[in-house]
Structures are given as C-alpha cells and as structure tokens.
Amino acid sequence: QPLMTTLIYTVVFGGIAGIPTDGVPQVLFYMGGNAVWGFFAACLNGTANTFTGNAGVFGKVYFPRLVSPISTVISSMADFGVQLVMFLIFWVYYLITGQVSPNLVGILLLPVILVYLGLLGLGFGIIVSSLTTKYRDLTMLVGFGVSLWMYITPVVYPVSTLGNGGLYTLVMLNPVTCAVEAFRWAFLGQGVMEPLYWCVSAVVMAVVVFFGVIIFSRVEKTFMDTV
C-alpha cells in the first residue's frame, strides 16, 4: 500500500499537477510524508473505536482501559517501522548518488517525532472514542475528517509553495505539520524547523492528551450503559 500510494502521488501530484518538491526526489518526498502521516492517522483511527470495538472484552473482565488504545499506538509503530525500511531502501540509493543531503544529527530526533505523533493521535483518538459511545455516527464523520486533515498537512506539497501569508500560518499551526517537516528536514535536508510552531504543537498535544485522558476516564465508568 505505501508503494502504491507513493506511485499515485508521484503521477498525480508530481507529474500531472506539477507540484514541486524543493529539489527532493519525488519518491522520497511522497513516501516520507505518507509514512509520517500514515502513522498518525493509524493511531487516531485505531484508538477512535476503543470502546465500541472492545465492548465485549471490557464487559467481561476489568483491566486499565487505556491499555487498549496504547497498544494500538504501539502496533502502529511496528507498521511504521515496515514503511521506514522501504523508505530507507530508496533513501540509501539517493544518498549514494548524492541527490539528498540529510541532517544526520537530526535523524536522532526520529524517536521524538514518533512519540509526539503517537501521543497526539492517542489524545484525539480517545476523545473520539469517548464520544462515539453515545454518538455512533461520529465514527463516519471522523473518517471523512481525517481524510480532509491530510490536505492541510504538507504530505503532497512543500510548505515553501504556500508563501508567507495566512495559509502558511494555518498549515504550520496544524500540529501534524511540524512532525512531517522535521522528518523531511532530518532525512532529506529539506523542511521547515521553526521553534515557535513546535512549541505551539507541543502545547496542543499536551492539552489534547490531558483532556483526552480525563474524558476517557469518566466515560469508562459508565460506557457499558450506552455502548
């Protein structure tokens, strides 16, 4: 799936639409962005059905309910690892041929990026999961919303194409943008690393996780009455 998605992005956005990639090989640009976004989306979508998907287990035995969404995030990291291996195969080739100039020290930030995205996806996911115990149709809306979210995240375009106006600010305030840009900055040598937006994104992540855990803890006490 990642390879097919990369091929489609390369043909549609790179070939037909002619969207630039700031001198980065298109395969690496799209594959890297898709891998990072895919990890976040998997964390959010996977944890968004925690209560409805595990009602049978939750109703029979007690254990800390947060174990379930956390395990989903961890399994998503394993899936990301597979995509990362495929990405590195192409990356090594382009590195040897001198077509990319990575920030090797920045690659050490990869665990930080993954933890950040995992927590962000977990926070949003458990909030949605708590709400869907009463509002089942919200699940379909979330799936549609996540698809739209991707397009305000620089997965198929570089932020350099947005200029310096309001659209640029909007995209940079998207908490997933910093992670995508940091990944490209580390591995491809292209990407925006602005401390201000990273601080804003970290605060958003912390707030989302905090309120997510509170709401989740309250709903788990009574969810069997409504699920």
Side-chain angles (χ1 to χ4, degrees), residues 1-2 5 33-59 61-84 110-155 171 173-180 182-183 198 200-227:
Q1 181 178 354
T5 302
N34 186 56
V36 176
W37 169 257
F39 172 64
F40 168 73
C43 292
L44 197 162
N45 290 325
T47 56
N49 65 347
T50 297
F51 284 121
T52 55
N54 297 282
V57 177
F58 288 172
V61 62
Y62 176 78
F63 59 92
R65 308 305 190 198
L66 274 174
V67 169
S68 180
I70 291 175
S71 66
T72 299
V73 172
I74 294 175
S75 64
S76 297
M77 286 186 178
D79 293 337
F80 174 82
V82 175
Q83 295 190 50
L84 181 63
L110 181 59
V112 177
I113 297 172
L114 292 182
V115 171
Y116 166 79
L117 282 176
L119 289 173
L120 187 67
L122 175 69
F124 279 114
I126 58 179
I127 290 175
V128 172
S129 179
S130 301
L131 295 176
T132 52
T133 58
K134 291 184 178 180
Y135 310 103
R136 295 295 187 88
D137 293 341
L138 185 61
T139 303
M140 293 183 289
L141 181 61
V142 169
F144 180 69
V146 170
S147 298
L148 290 180
W149 194 343
M150 191 195 78
Y151 290 101
I152 59 170
T153 304
V155 175
V171 171
L173 288 175
N174 173 3
V176 186
T177 295
C178 285
V180 174
F183 183 89
W198 257 113
V200 173
S201 298
V203 170
V204 171
M205 180 271 291
V207 171
V208 168
V209 172
F210 176 76
F211 282 103
V213 171
I214 290 178
I215 296 172
F216 189 90
S217 300
R218 291 183 177 180
V219 171
E220 71 171 345
K221 300 175 182 177
T222 60
F223 83 97
M224 287 304 297
D225 297 331
T226 56
V227 72

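Note that OH of Y116 is 6.0 Å distant from SG of C178, once rounded to the nearest 0.5 Å. Here CG of L131 is found 11.0 Å from CD1 of I126. Values are rounded to the nearest 0.5 Å. In this structure, D79 CG and C43 SG are separated by 9.5 Å, a value rounded to the nearest 0.5 Å. How far CZ of F40 is from CG of L122: 11.0 Å, rounded to the nearest 0.5 Å. Atom CG of L117 and atom CE of M77 lie 9.0 Å apart (nearest 0.5 Å). Between the CG atom in L66 and the CZ atom in F216 there is a gap of 5.0 Å [rounded to 0.5 Å].
Checking side-chain atoms of S129 against main-chain N and O of G125 turns up no donor-acceptor pair under 3.5 Å. Panel note: side chain T72, backbone T47; no donor-acceptor pair is recorded below 3.5 Å.
Across every non-hydrogen atom of T177 and P154, the tightest pair is OG1-CD, 3.4 Å. A pairwise comparison of heavy atoms in G212 and I127 identifies CA-CG1, 3.5 Å as the closest pair.
The side chain to side chain contact (heavy atoms under 4.5 Å, CB included) search around I74 returns I70, not counting sequence neighbours. The ring-ring contact (aromatic ring centres under 6.0 Å, His included) search around F80 returns F39, not counting sequence neighbours. Taking T5 as the reference, Q1, Y9, N34 meet the side chain to side chain contact (heavy atoms under 4.5 Å, CB included) condition, with sequence neighbours excluded. For V112, there are no side chain to side chain contact (heavy atoms under 4.5 Å, CB included) partners at least two apart in sequence or on another chain. A42 meets the side chain to side chain contact (heavy atoms under 4.5 Å, CB included) test with S76; sequence neighbours excluded.
Counting heavy atoms from C-beta on, the side chains of T153 and V36 never come closer than 4.5 Å.
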Under 3.5 Å, which donor-acceptor pairs link side chains of residues 140-149 to any protein atom two or more places apart or in another chain?
{"unit_1": "S147", "atom_1": "OG", "unit_2": "G143", "atom_2": "O", "d": "3.2"}
{"unit_1": "W149", "atom_1": "NE1", "unit_2": "N174", "atom_2": "OD1", "d": "2.9"}

